[in-house]
Amino acid sequence: MTGGAMTVLPFISQSCGDVLAETAHLSAEEFGAYQLLTFAFWQHGALPDDDQRLARIARVTPERWAELKDTLAELFGIDWAPERLAKRRNEVEAAHLTNVRKGKKGAQKRWQKAADSPTIGPVNSWANGNHNHNHRAPAHEEEALPYTHARTRDDLIPRPRSEADGLAILQRHEAFPGDYDMLLSKLMRGELHQSEIG
């Protein structure tokens, strides 16, 4: 694939009207190959300039790819980068990276707030598993307390009605977007704890 590292974006943003208008001349097989290629482009930010790999992505034989390639190349353009979809992906990627930065800032503020909280002390340290029989945490444990305090919030999050609701929950909790797939899977099974998402 061409270019540098790209952000993986699992949720594709497409206009049904645009897609149908652009692909009205394609056969069912050609449309299927087109969609598989657009999915791969959206997820990775680029497509390989290699016919064997493109054939695998399109799920056709190399021989069949040779017959489909010219028709599909018209829709993708130079370097197999569809202009409209590439522009939309860049917009979504920029928004995604902004949200990641905001999430990290929010997490840092929460940690700092916990570190500055006067309620965190030896008693809470014991509740979080730092069992000190002298009832006073050594200096190195006191430094660690702000980072272990969040573990007390270990309640299970109620299972949402749909994946869209689950995604909204993860966004509200400012979960790291790179963990969405794993967290959403646990959330939909009713196995996700508060402490796992901040």
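- For the residue pair Leu68 and Val60, the shortest heavy atom distance occurs at CD1-CG1, 4.0 Å.
- Counting heavy atoms of neighbouring residues, nucleotides and ligands inside a 6.0 Å radius, atom CG of Leu20 exceeds 12 of them.
- We find the CG-CE distance between Leu170 and Met182 to be 9.5 Å, quoted to the nearest 0.5 Å.
- In this structure, the side chains of Ile57 and Pro48 come closer than 4.5 Å at one or more pairs of heavy atoms.
- Put simply, CD on Glu22 and OG1 on Thr38 are 10.0 Å apart, with the number rounded to the nearest 0.5 Å.
- The hydrophobic clustering, which links ILVMFWY residues whose side-chain heavy atoms are closer than 4.5 Å, places Leu75 and Trp80 together.
- When every heavy atom of Ala33 is checked against every heavy atom of Ala58, the shortest pair comes out as CB-CB, 3.8 Å.
- One distance of note links CD of Gln35 with OG1 of Thr23; it measures 7.5 Å at 0.5 Å rounding.
- Side chains of Leu36 and Arg59 form a contact here, defined as non-hydrogen atoms less than 4.5 Å apart.
- Interatomic distance, CH2 of Trp65 versus CG of Leu72, reported as 5.0 Å (0.5 Å rounding).
- A donor-acceptor distance shorter than 3.5 angstrom exists from the side chain of Arg159 to the backbone of Met188, with no hydrogens or angles considered.
- Considering only heavy atoms from C-beta on, Leu167 comes within 4.5 Å of Gln171 through its side chain.
- Here the two rings, on Tyr34 and Phe76, have centers that are under 6.0 Å apart.
- By the side-chain contact (heavy atoms from CB on, under 4.5 Å) test, Gln52 pairs with Asp50, Arg56, sequence neighbours left out.
- To the nearest 0.5 Å, the span separating CH2 on Trp42 from CG on Leu47 amounts to 13.5 Å.
- The list of salt bridge (charged side-chain N to carboxylate O under 4.0 Å, His left out) pairs with a residue in residues 28-47, not counting sequence neighbours, reads Glu29-Arg64.
- Checked against side-chain contact (heavy atoms from CB on, under 4.5 Å), Arg189 has the following partners two or more places apart in sequence or in another chain: Ser185, Lys186, Glu191.
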